[in-house]
*Asks:* 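This is the structure I have questions about; it appears just below.
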2 protein chains.
Amino acid sequence: MRSAAAREAILAATARQFQLRGYDNLTIEGIAKEAGVGKQTIYRWWPSRGALIAECLTDGRLFPVDFDIPVSGPVLDDVETWLDRVLAVLHSPGGSGLLRSLVAAAAEDDAVGQHLSEGIGVEQSLHTRLTLAVRAGELPADAPVDQLGSAILGAIIVQALGREEADAEGLRELVRFLLRPDGQAGSSA
Amino acid sequence: MRSAAAREAILAATARQFQLRGYDNLTIEGIAKEAGVGKQTIYRWWPSRGALIAECLTDGRLFPVDFDIPVSGPVLDDVETWLDRVLAVLHSPGGSGLLRSLVAAAAEDDAVGQHLSEGIGVEQSLHTRLTLAVRAGELPADAPVDQLGSAILGAIIVQALGREEADAEGLRELVRFLLRPDGQAGSSA
DNA sequence: GATCATACGTGACGTCTCGTCTCGTTCCTG
DNA sequence: CAGGAACGAGACGAGACGTCACGTATGATC
């Protein structure tokens with residue numbers, strides 16, 4: 001198998017076309033042409049368009065940045081740092097379209113769906129950071145860590161799907177509310 | 001314009017095909033055939049497949065139930081009632097596929113995206129109920145009501161996209177955590 | 001009741017992409 | 001230096017796209 005060069009060219013072309021044209025306008029023939037590769041070479045190694053995207057996703061080729069989360073201060077600060085990094089991508093030109101395309105791919109393809117959270121850094125980074133916070137007593141011991149990760153990512157996705165301008169302040173507010181220490185929220189009716 | 005009969009047949013066929021085959025296998029020609037209608041009649045009134053779905057969505061034709069939320073007790077109970085109703089649909093055969101298809105449609109089409117929350121009852125029902133709770137002092141005055149709605153819906157969507165078995169207990173836990181009265185969570189480090 | 005505009009169903013058009021299938025060609029292995 | 005695997009190229013049938021032209025049905029106007 002000599003695939004090394006072909007594999008690289010195919011994945012690079014896939015990522016570029018995905019960013020450029022979105023998921024539903026992504027064609028195997030377009031990828032093959034850009035990669036300078038025969039269609040059969042793609043079909044030989046990947047069973048579907050989705051598998052191709054899933055591999056780009058786990059290789060971190062779809063987003064221009066990595067979504068590592070720092071462990072350098074209060075959870076809230078660290079999570080806001082991560083959030084700002086995500087929002088920066090969303091606000092860049094084509095950024096929300098990119099996320100929508102990724103969601104479309106995740107909805108239509110099992111392989112992509114199973115790695116969606118992971119690709120945005122929720123699985124490893126956010127989850128890990130929140131677990132640390134629980135252990136450090138920054139969050140209640142019964143905080144449902146993975147559900148909180150899904151909720152934050154989900155809120156971002158719902159917002160992107162709604163075609164609103166990404167409401168950065170709203171999301172920061174949400175995170176602050178979710179991660180608030182007990183008994184600190186503004187009271188009264 | 002005589003569309004009344006044709007319109008009804010087209011929307012009914014669209015909803016049925018959508019539930020049956022999913023969004024990406026939904027074809028205009030298939031809808032036309034099932035509706036006993038010419039393709040042109042569809043293209044005359046709807047600009048795209050997405051517009052068709054959006055209309056089915058706002059007509060409540062895509063889900064077999066309505067997602068009204070009761071106002072009959074503590075917020076938490078009422079929201080859990082709504083959640084159970086949503087989960088019942090997700091657990092029914094083809095239910096999570098249906099949600100994924102809807103998300104795919106929302107990701108690819110503006111019109112569907114703008115009415116997604118609304119179709120699951122988040123926009124009117126959940127949002128309204130949470131606002132009432134804030135006003136009644138059940139939730140902190142600074143609770144970001146619409147963000148919470150997005151977060152809950154988002155968590156459901158992320159879970160469905162991940163192809164896990166819908167984790168009903170996890171979602172209930174999330175809702176309980178999100179809507180917990182101040183200072184009630186299990187403490188200690 | 002004849003006329004006219006318009007919505008209808010049918011079905012063919014050219015285009016696109018799919019996934020499969022040959023072709024030669026290249027290049028690694030033994 | 002052979003043999004074979006992986007390659008680039010691209011033809012192929014299938015099927016859906018969105019548009020178009022035709023002839024029929026319907027409902028309003030005079």
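So that the names make sense, note that chain A is the first sequence line, chain B the second, and so on, each numbered from 1.
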*Asks:* When you compare the side chain of A:Glu108 with that of B:Tyr23, does any pair of heavy atoms fall below 4.5 Å?
*Replies:*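 The answer is yes; the side chains approach within 4.5 Å.
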*Asks:* What is the distance, to the nearest angstrom, from the CZ atom on A:Arg7 to the C1' atom on D:dA5?
*Replies:* 19 Å
*Asks:* Take atom CH2 of B:Trp45 and atom C1' of C:dC8, then tell me their distance rounded to the nearest Å.
*Replies:* 11 Å
*Asks:* Kindly say if B:Arg44 contacts the phosphate of C:dA7, meaning a side-chain N or O under 4.0 Å from OP1 or OP2.
*Replies:* no
*Asks:* Expressed as a whole number of angstroms, how long is the span from B:Ile10:CD1 to C:dA7:P?
*Replies:*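 Between P of C:dA7 and CD1 of B:Ile10: 13 Å.
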*Asks:* Starting from P on C:dA7, measure out to CD1 on B:Ile42 and report it in whole angstrom.
*Replies:* 16 Å
*Asks:* What is the distance, to the nearest angstrom, from the NZ atom on B:Lys33 to the C1' atom on D:dG15?
*Replies:* 12 Å
*Asks:* Taking the cut-offs as 6.0 angstrom to the six-membered ring centre and 45 degrees off its axis, would you call A:Arg85 and A:Phe63 a cation-pi pair?
*Replies:*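 The answer is no; the distance or angle limit is not met.
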*Asks:* Starting at CG of A:Asn25 and ending at P of C:dT15, how long is that distance when rounded to a whole Å?
*Replies:*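 Taking CG of A:Asn25 and P of C:dT15, I get 19 Å after rounding.
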*Asks:* I'd like to know if A:Gln40 reaches the base of C:dC21 with its side chain such that a donor and an acceptor end up less than 3.5 angstrom apart.
*Replies:* yes
*Asks:* Just checking B:Gly30: base, sugar-phosphate only, or nothing, at a heavy-atom cut-off of under 4.0 Å?
*Replies:*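 Nothing, no heavy atom under 4.0 Å.
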*Asks:* In whole Å, I'd like the distance from the OH atom of A:Tyr43 to the P atom of C:dT20.
*Replies:* 7 Å
*Asks:* Identify which nucleotide among C:dG19, D:dC7, D:dG18 has an atom closest to any side-chain atom of A:Ile28, counting heavy atoms from C-beta outward.
*Replies:* C:dG19
*Asks:* Find out whether B:Ile10 and B:Thr41 are in side-chain contact, i.e. whether some heavy atom of one side chain is under 4.5 Å from a heavy atom of the other.
*Replies:* yes
*Asks:* Does B:Phe177 offer a backbone N or O that forms a donor-acceptor pair with the side chain of B:Arg180 under 3.5 Å?
*Replies:*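 Flag set: sc B:Arg180 to bb B:Phe177 pair under 3.5 Å.
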*Asks:* So, under a plain 3.5 Å distance rule, would you say the side chain of A:Lys39 forms a donor-acceptor pair with the base of C:dG19?
*Replies:* yes
*Asks:* Has B:Thr27 got a side-chain N or O lying under 4.0 Å from the OP1 or OP2 atom of D:dA16?
*Replies:*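 No, because none of the side-chain N or O atoms of B:Thr27 sits under 4.0 Å from OP1 or OP2 of D:dA16.
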*Asks:* Could you pull out all donor-acceptor pairs under 3.5 Å where a side-chain atom in residues 64-76 of chain B meets a protein atom, sequence neighbours excluded?
*Replies:*
{"residue": "B:Ser72", "atom": "OG", "partner": "B:Asp78", "partner atom": "OD1", "Å": "3.2"}

*Asks:* Rounded to whole angstrom units, what separation is found between the CG atom of B:Leu26 and the P atom of D:dC17?
*Replies:*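 In whole Å, D:dC17 P lies 8 Å from B:Leu26 CG.
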*Asks:* Here's a test of your reading of the structure: between A:Ala32 and A:Glu29, which maps to the more 5' nucleotide of DNA chain D?
*Replies:*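 In this pair, the answer is A:Ala32.
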*Asks:* Considering just the side-chain nitrogens and oxygens of A:Thr41, establish if one lies under 4.0 Å of OP1 or OP2 belonging to D:dG8.
*Replies:*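 So the side-chain polar atoms of A:Thr41 do come within 4.0 Å of the phosphate oxygens OP1 or OP2 of D:dG8, strictly under.
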